[in-house]
Engineer: 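Quick one: the structure is below, and I'll ask about it shortly.
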Amino acid sequence: MPRILVLGAGFAGLWAAIGAARKRDEIGARAADVEILVVDRNPYHNIRVRNYEVDLSEAAIPLAGLLDPIGVKHVLGEVEAIDVARLQVTVKTGKAQEMFAYDRLVLTLGSELVRPPIPGLAAHSFDVDTYASALRLD
Ligand SMILES: Cc1cc2nc3c(=O)[nH]c(=O)nc-3n(C[C@H](O)[C@H](O)[C@H](O)COP(=O)(O)OP(=O)(O)OC[C@H]3O[C@@H](n4cnc5c(N)ncnc54)[C@H](O)[C@@H]3O)c2cc1C
């Protein structure tokens, strides 16, 4: 079965996966005909733009609630390598390493905060770049 592999469940990844599911539906194909698989290191979509809010309860939305009803699969893991020659991606899932083959790859791993090497900065500063870091600040 052909697989569309989406790396990252941020805004871009979700948009791609949900758009692909809509198109699959429009052409009359089923989840058993074309697999759409999303990989993210977190089991939730983080609405990053809301990480500054006092109440963070709506800033992380479980992927199962978003993707299961539309037949989009999702895997919890850390993307470690992309082999474009072999069309496969290495993902660390728990303690194991898994390979996922793809027919189409959507690379939407986003961005992350980079701290300059100022002594003490990493240990003593806070940020709202991710849901986890926003919770830490909270
Ligand atoms: C506090 C804050 C406020 C913002 N306000 C605005 C605003 O008002 N307007 C605006 O336009 N933009 C705003 N932005 C920027 C906006 O949030 C980003 O541009 C947007 O989130 C980028 O979406 P993305 O899908 O490209 O990447 P991301 O949202 O970064 O998503 C990437 C996904 O990939 C996952 N991921 C990354 N690496 C790996 C890996 N190796 N393995 C597995 N998973 C991985 C991450 O967990 C994440 O889910 C704001 C950002 C922040 C932090």
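For this chain, numbers begin at 1 and follow the sequence in order. Just so you know, ligand 1 is whichever comes first in the structure, and atom 1 is the first atom listed for that ligand. What you are looking at is a predicted structure, and each value in this text was computed from that prediction instead of being measured.
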Engineer: Please confirm whether V128 comes under 4.0 Å of ligand 1, counting heavy atoms of the residue only.
Structural biologist: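 In this structure, V128 qualifies as a contact of ligand 1 - some heavy atom is under 4.0 Å.
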Engineer: Report the C-alpha distance between V72 and I18 in whole Å, list the side-chain angles of each, state the deciding distance to 0.1 Å, and finish with yes or no for side-chain contact (heavy atoms from CB on, under 4.5 Å).
Structural biologist: CA-CA 8 Å; V72 172; I18 293 170; 5.9 Å; no
Engineer: Using a 4.0 Å heavy-atom cut-off, which part of Y52 comes near ligand 1: side chain, backbone, both, or neither?
Structural biologist: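 Neither; nothing of Y52 gets under 4.0 Å from ligand 1.
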Engineer: With a cut-off of 4.0 Å, which atoms of ligand 1 are near a heavy atom of G77?
Structural biologist: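 Contacts of ligand 1 toward G77, numbered from 1: 42 (N), 43 (C).
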Engineer: Can we say E80 and K92 salt-bridge, meaning some charged N sits less than 4.0 Å from an Asp/Glu carboxylate O?
Structural biologist: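 Result for this pair is no, no salt bridge flagged.
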Engineer: So which of N42, V49, L14 gets nearest to atom 14 (N) of ligand 1, if we judge by its closest heavy atom?
Structural biologist: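 Comparing heavy atoms across N42, V49, L14, the nearest one to atom 14 (N) of ligand 1 lies in V49.
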Engineer: Given the rule in the side-chain contact (heavy atoms from CB on, under 4.5 Å) test, do V89 and L105 qualify, once you have shown the distances and angles that lead to the verdict?
Structural biologist: CA-CA 9 Å; V89 173; L105 184 70; 4.0 Å; yes
Engineer: Among all the protein's non-hydrogen atoms, which is closest to atom 20 (C) of ligand 1, and how far away is it?
Structural biologist: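 Answer for atom 20 (C) of ligand 1: F11 CD1, 3.7 Å.
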Engineer: Please round to the nearest 0.5 Å and tell me the distance separating atom CZ of R41 and atom OG1 of T93.
Structural biologist: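 R41 atom CZ to T93 atom OG1 measures 14.5 Å (nearest 0.5 Å).
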Engineer: Which ligand 1 atoms, with their elements, are less than 4.0 angstrom from a heavy-atom of S111?
Structural biologist: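 Near S111, the atoms of ligand 1 are 30 (O).
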Engineer: Which of the numbered atoms in ligand 1 are below 4.0 angstrom from a heavy atom of G10?
Structural biologist: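 Within the 4.0 Å cut-off of G10, ligand 1 contributes 25 (O), 29 (O), 31 (O), 33 (C), 49 (O).
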Engineer: Evaluating non-hydrogen atoms only, which member of A59, A134, G8 is closest to atom 34 (O) of ligand 1?
Structural biologist: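 When every heavy atom of A59, A134, G8 is considered, G8 comes closest to atom 34 (O) of ligand 1.
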Engineer: Please check atom 26 (O) of ligand 1 for a protein heavy-atom neighbour under 4.0 Å.
Structural biologist: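 Answer yes: something from the protein, a heavy atom, is under 4.0 Å.
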Engineer: Is A12 close to ligand 1, meaning an N/O of one under 3.5 Å from an N/O of the other?
Structural biologist: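 Yes, since at least one N or O of A12 sits under 3.5 Å from an N or O of ligand 1.
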Engineer: So, for atom 11 (O) of ligand 1, does the protein have a heavy atom nearer than 4.0 Å?
Structural biologist: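 Protein heavy atom within 4.0 Å of atom 11 (O) of ligand 1: absent.
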Engineer: Which heavy atom of the protein is the closest neighbour of atom 35 (C) of ligand 1, given with residue, atom name and distance?
Structural biologist: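 Sorting protein heavy atoms by distance from atom 35 (C) of ligand 1 puts D40 OD2, 3.2 Å first.
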Engineer: Quick one: NE2 on H74 to CG on L14, what's the gap to the nearest 0.5 Å?
Structural biologist: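 Result: 10.5 Å between the selected atoms.
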Engineer: Under 3.5 Å, side chain of N42 to main-chain N/O of Y44, donor-acceptor pair present?
Structural biologist: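 Flag not set: sc N42 to bb Y44 has no pair under 3.5 Å.
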Engineer: Is there a polar contact, in the sense of an N or O pair closer than 3.5 Å, between E78 and ligand 1?
Structural biologist: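 The answer is yes, given that E78 and ligand 1 share an N or O pair closer than 3.5 Å.
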Engineer: Could you check whether atom 48 (C) of ligand 1 has a protein contact, counting only heavy atoms that fall below 4.0 angstrom?
Structural biologist: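 Yes; the ligand atom in question has protein heavy-atom contact below 4.0 Å.
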Engineer: Can you see whether F11 has R48 sitting over its ring - NZ or CZ less than 6.0 Å from the centre and within 45° of the normal?
Structural biologist: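 Geometry flag: not set, cation outside 6.0 Å or 45°.
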Engineer: What protein heavy atom is closest to atom 36 (N) of ligand 1, reported as residue, atom name and distance in Å?
Structural biologist: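 The answer is L109 CD2, 3.8 Å.
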Engineer: In the protein, which heavy atom is nearest to atom 38 (N) of ligand 1, and how far is it?
Structural biologist: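 For atom 38 (N) of ligand 1, the nearest protein heavy atom comes out as R41 NH2, 3.3 Å.
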Engineer: Are any of the side-chain nitrogens in R30 or D33 under 4.0 Å away from the carboxylate oxygens of its partner?
Structural biologist: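 So R30 pairs with D33 through a salt bridge.
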Engineer: Backbone or side chain, does any N or O of V79 fall under 3.5 Å from an N or O of ligand 1?
Structural biologist: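 By distance alone, the answer is yes.
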Engineer: What's the separation between atom CD in E35 and atom CD1 in I4, rounded to the nearest 0.5 Å?
Structural biologist: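 If I round to the nearest 0.5 Å, the distance is 10.0 Å.
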Engineer: Does atom CZ (R115) have a neighbourhood of more than 12 heavy atoms from anything else shown, all under 6.0 Å?
Structural biologist: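 It does: R115 CZ has more than 12 such atoms within range.
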Engineer: Considering only non-hydrogen protein atoms, determine which one is nearest to atom 30 (O) of ligand 1 and report residue, atom name and distance to 0.1 Å.
Structural biologist: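 Residue, atom and distance for the closest contact: R48 NH1, 2.8 Å.
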Engineer: Are N46 and N51 close enough that a side-chain donor and a side-chain acceptor fall under 3.5 Å?
Structural biologist: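 Yes.
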